[in-house]
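This report concerns only the one structure given below.
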Amino acid sequence: MARTNRILVIVTSVGEYEKVGYRTGLWLGELTHFYDVAEQAGFELTIASIEGGPVPLDPESLAHNVLAELGADKRYTDRRFMDKLKDTLAVTQVRVDDYDAIYLTGGHGVMFDFHQSRTLETLIAQFHETGRIVSSVCHGACGLLDVTLSNGESLVKGKDVTGFSWREEELAQRAHAVPYSLEDRLKELGAHYSTAETSFAPHVVEDGRLITGQNPSSAKAVAEAVVQHLVRHPTAT
């Protein structure tokens, strides 16, 4: 029976940088922009985090001008929606068979817990190898770095992908604070990495069932690509 109505959204459990005192966490708009598109298309979304429980929010993503972009402020003032971030599932509680796609949100927190989670790596590999969608935005692509498929190859090897660029790290004044360059790590793994011509401009790359977005402004377009793919190619379960 074909079913295309459930998407698993993964968020960080980390609320601070390891080397500096900056607060970090989920970049809220990368969740809400995706959520708005998918929900409007009739999909159910479940939010899970690495550790489960409450989700830290990057304070910079809560600035008034940032929240106003694409209507994230409406979600931020929606008590029912924000309560979803108070008690999330842990990735250890997730069953791949319950979902048709996985979406990895960003925010710098994911640099410290996404690719370090063996459970998440296994989930992502299972999504990919059972014909499901694997998608990410911005730093969410950190979750792809250590995903190894059953043939022993890296998931991103030879794939067209994108993610937050090193130039954008510099412009965001976080180059000194992050533990590695996502752009460099993807290239080192053999991925075909690309960016928009202008930093922070929307940029989405599709390589079959792997869909990645470069930065926060790409979340809406990632959602649209995921929805379109699921409508065209329902997952058989």
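- Contact annotation: the side chain of Val161 never approaches that of Val205 to less than 4.5 Å [non-hydrogen atoms, C-beta and beyond].
- Residues Thr12 and Phe112 fail the side-chain proximity criterion, which asks for heavy atoms closer than 4.5 Å.
- Judged by distance alone, with hydrogens and angles left aside, the side-chain atoms of Ser135 form no donor-acceptor pair with the main-chain N or O of Thr212 at under 3.5 Å.
- The backbone N or O of Tyr99 sits less than 3.5 Å from a side-chain atom of Arg132, completing a donor-acceptor pair.
- Of all non-hydrogen atoms in Ala38 and Ile7, the two that sit nearest each other are CB-CD1, 4.0 Å.
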* **Steps toward salt bridge (Lys or Arg N to Asp or Glu O under 4.0 Å) verdict (Glu169, Arg174)** => CA-CA 5 Å; Glu169 294 286 14; Arg174 291 295 182 269; over 6 Å; no
* Decide yes or no on side-chain contact (heavy atoms from CB on, under 4.5 Å) for Leu104 and Leu120, but give the supporting numbers first. => CA-CA 10 Å; Leu104 310 175; Leu120 180 59; 4.3 Å; yes
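- Using cut-offs of 30° and 60° for the angle between ring planes, the Phe164 and His139 rings count as tilted.
- For the pair Glu30 (side chain) and Gly106 (backbone), a donor-acceptor distance under 3.5 Å is present.
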* Show your working on side-chain contact (heavy atoms from CB on, under 4.5 Å) between Phe34 and Val226 and close with a plain yes or no. => CA-CA 10 Å; Phe34 184 96; Val226 170; 4.1 Å; yes
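- In the hydrophobic cluster analysis, where Ile, Leu, Val, Met, Phe, Trp and Tyr join through side-chain heavy atoms closer than 4.5 angstrom, Phe81 is grouped apart from Leu70.
- Residues Leu8 and Ile10 form a side-chain contact, since some pair of their non-hydrogen atoms from C-beta on lies under 4.5 Å apart.
- Crowding of Arg232 atom CZ: a count of heavy atoms from other residues, nucleotides or ligands under 6.0 Å exceeding 12.
- Contact annotation: the side chain of Phe200 approaches that of Leu171 to within less than 4.5 Å [non-hydrogen atoms, C-beta and beyond].
- No side-chain heavy atom of Val204 sits under 4.5 Å from any side-chain heavy atom of Lys220.
- In this structure, Ser117 has no side chain to side chain donor-acceptor pair (under 3.5 Å) partners at least two apart in sequence or on a different chain.
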* Given the rule in the side-chain contact (heavy atoms from CB on, under 4.5 Å) test, do Leu85 and Leu28 qualify, once you have shown the distances and angles that lead to the verdict? -> CA-CA 10 Å; Leu85 301 179; Leu28 185 61; 4.1 Å; yes
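- With sequence neighbours left out, the salt bridge (charged side-chain N to carboxylate O under 4.0 Å, His left out) criterion links Glu170 to Arg167.
- Looking at heavy atoms from C-beta onward, Tyr76 lies out of side-chain contact with Thr32 at the 4.5 angstrom threshold.
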Which side-chain N or O atoms in residues 175-190 pair as donor and acceptor under 3.5 Å with protein atoms at least two apart or in another chain?
from   : atom 1 : to     : atom 2 : distance (Å)
His176 : NE2    : Tyr22  : OH     : 3.4
Tyr180 : OH     : Met111 : O      : 3.1
Ser181 : OG     : Asp184 : N      : 3.1
Glu183 : OE1    : Trp166 : N      : 2.9
Glu183 : OE2    : Lys187 : NZ     : 2.8

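- For the pair Leu155/Glu121, no side-chain contact is recorded, criterion being any heavy-atom separation below 4.5 Å from C-beta on.
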